[in-house]
Amino acid sequence: MQVCPGNRPYCSFPQHDGYEMKNTLPVLLLSATLSALLSACGSDATGPTALDGNSQASDASSTQASSVDMTCDLAAYPSQVWTQCEQANFARTGDAIREQLASREFFQQYQTQSMNNLQSWFARLVADISWLSPLSGNTGSTPVCTTWSGPCTGNPFLYPEANGRDGKTFYSQVAEVTPVVFYDSQCARISGRVWLPKGSQPGAQLPNIVIQNGSVQAPETLYWWAAQLLVRNGYAVLTFDPRGQGRSDQQTPQGEQGSNANPTVFWTGLVDAIDFFRSTSSNPYPNNISCKDTYPTTVTAFNPMHDRLDATRLGIAGHSLGGIGVSVVQSYGATGAAAWPGKMDTQNPVKAAVAWDGIYTVANGQTGNAGGNGVPASTDNVPAVVPRVPILGVNGDYGLAPVPFLQSPDPKKTTTNFREWVKGGQPVIELTIAGSTHYEFSLLPNFAASSWCPDASKGECSGGWGNALTQHYSLAWFDRWLKKAGEPGFDSADSRLLADNGINGRQKLSFRYFSARNFPNRSNTPEVCENIRKGC
């Protein structure tokens with residue numbers, strides 16, 4: 001941890017040539033917060049290298065951080081040390097913006113890809129004008145990120161047009177990516193992609209994951225980091241824009257809205273997406289049949305890669321309101337929860353879950369959401385959430401609208417849902433990342449977050465802080481519950497989840513909030529820890 005020398009409250013910020021600032025495309029900024037961030041005490045933006053998915057090596061075999069400085073954990077409030085710790089911790093939430101402004105390579109790729117995305121959106125309209133909702137009569141507006149341009153571009157190096165390992169190389173040598181369009185249960189068109197390891201053959205029996213966006217400013221492009229990570233490690237993946245998001249319809253033909261205007265789409269729509277992912281040539285996706293000819297758009301009758309999936313190994317992941325949707329959907333069919341509402345399976349097929357800033361429970365009439373992020377304005381219509389499958393939660397220190405702490409928060413706040421999973425007898429890990437925000441999981445350029453692209457010199461974002469930790473644990477969690485013996489990641493899953501002293505371990509965990517775990521390892525020995533940062 002960096003503390004300003006000489007007990008000064010602020011450190012100087014490195015100068016740049018102004019190129020990026022003068023030429024940046026119009027973006028959505030959290031102006032008041034960010035102006036404070038850019039003048040705050042800086043932290044080490046380079047950080048350790050994120051796991052890239054090419055190796056299943058555990059952090060335990062990497063550079064060790066066996067001794068974690070507990071000064072900030074133990075600092076009394078109020079005190080000068082407490083204040084210095086808070087200034088340095090909060091300053092880390094500006095690292096992503098600082099590194100983007102300082103990187104000519106990032107800016108140029110971001111500008112180019114943003115324009116490419118805008119052009120691809122116009123090309124879709126030329127081919128099918130019904131996507132332009134005001135002219136089709138569907139609705140008077142389109143989703144905020146329908147063009148996938150500006151901040152909605154996400155990490156600009158994760159597209160086929162980008163040179164580098166995560167761009168052209170990934171799409172030509174590593175993955176097979178197929179765009180799909182399907183109807184949700186109320187006949188709104190859903191845009192998505194099926195991702196597979198390149199060269200996989202029919203009968204491959206791959207474990208598979210459905211990834212759901214967060215809400216409002218969060219198209220599927222912001223979660224391609226997770227899709228690429230999983231595909232590199234042997235998973236089939238579905239990403240999609242829920243109704244009201246990105247390139248899907250804003251509303252149904254009957255006027256039912258999507259996104260935050262109708263949070264129910266984050267569980268009903270997730271079930272629809274699961275149904276589509278599990279549809280086959282012999283058992284086509286039913287909503288396409290019931291909604292036939294609603295629009296002139298050609299829809300995908302069934303998952304074109306269905307013959308590569310192992311139907312017994314399905315995981316789901318989601319962010320923010322999408323994480324609430326994951327929490328709801330995983331519980332269907334449990335005692336005390338609603339029955340599984342899907343049309344392709346008689347029982348809930350979900351075997352494991354990951355929620356980024358969004359595990360959600362309702363216990364004894366009380367709501368509990370890690371970090372307070374993504375909770376709908378009213379929870380009256382949120383179905384009962386019952387722990388049914390193993391779940392991993394990764395939270396941000398400062399939440400949706402990051403502001404510094406003015407006093408010490410309740411350190412157990414972000415493990416509220418962890419305790420519900422433990423009571424429910426289901427394996428669980430819940431972590432909070434030091435100096436992080438709600439945007440560690442949706443890589444929005446120019447939004448407050450810890451470092452996620454400190455080095456773009458090789459045509460990719462290498463290194464980082466919060467997202468690197470998220471990649472490490474998300475992959476290890478799915479490997480723990482979905483991989484079979486002999487598959488890459490099976491043998492090392494436990495050691496990666498327990499790599500407390502590794503580069504993505506205790507040193508990155510919050511000193512404001514507890515991080516905890518309670519799950520059995522492959523030998524069925526309980527791995528229990530109520531405060532991982534302190535040491536177990």
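Each residue takes its place number in the sequence, starting with 1.
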Ring-face cation contact, Phe170 with Arg232, 6.0 Å cut, 45° max: no

Donor on one side chain, acceptor on other, Asp184 and Asn287, under 3.5 Å: no

Centroid-centroid under 6.0 Å between Tyr332 and Trp267 rings: no

Option passing ring-ring contact (aromatic ring centres under 6.0 Å, His included) with His319 (candidates Trp356, Tyr223, Phe266): Tyr223

Donor + acceptor pair across side chains of Glu440, Ser450 (<3.5 Å): yes

Test item: Asn303 side-chain N/O and Phe277 main-chain N/O as donor-acceptor pair under 3.5 Å: yes

Lys/Arg-Asp/Glu bridge criterion (N-O < 4.0 Å) met for Glu527, Arg480: no

Minimum side-chain heavy-atom gap Gln330-Gln426 below 4.5 Å: no

Donor + acceptor pair across side chains of Tyr235, Asp479 (<3.5 Å): yes

Ser130 side chain to Arg189 side chain, donor-acceptor N/O pair below 3.5 angstrom: yes

Residue that, paired with Ile211, satisfies side-chain contact (heavy atoms from CB on, under 4.5 Å) out of Ile316, Leu230, Leu238: Leu230

Close aromatic pair by centroid cut-off 6.0 Å: Trp452 and Phe106: yes

Arg496 and Ser492 side chains, donor-acceptor separation under 3.5 Å: yes

Partner of Ile433 under side-chain contact (heavy atoms from CB on, under 4.5 Å), chosen from Asp397, Thr470, Asn467: Thr470

Side chain to side chain, Trp225 and Asn155, heavy atoms closer than 4.5 Å: no

Contact check, side chains of Arg419 and Thr361, non-hydrogen atoms, under 4.5 Å: no

Exercise: identify the closest heavy-atom pair between Gln257 and Val265: O-CG1, 3.9 Å

Asn117-Tyr159 side chain donor-acceptor pair, cut-off 3.5 Å: yes

Closest approach of Ser474 to Val354 (non-hydrogen atoms, all atoms of both residues): OG-CG1, 3.9 Å

Aromatic Trp131 / basic Arg247 pairing, under 6.0 angstrom, 45° off normal: no

Donor-acceptor contact below 3.5 Å, side chain Asn288 vs main chain Phe182: no

Shortest non-hydrogen separation from Leu497 to Ile429 and the atoms involved: CD2-CD1, 4.1 Å

Aromatic contact, Trp195 with Trp224 (centres under 6.0 Å): yes

Side-chain donor-acceptor contact under 3.5 Å, Gln245 with Ser259: yes

Gln250 side chain reached by Thr142 side chain, heavy atoms, under 4.5 Å: no

Reference residue Pro383; test side-chain contact (heavy atoms from CB on, under 4.5 Å); the match among Thr264, Val328, Thr268: Val328

Close side-chain approach of Leu270 and Phe240, heavy atoms under 4.5 Å: yes

Heavy-atom closest pair, residues Leu444 and Pro151: CD2-O, 3.4 Å

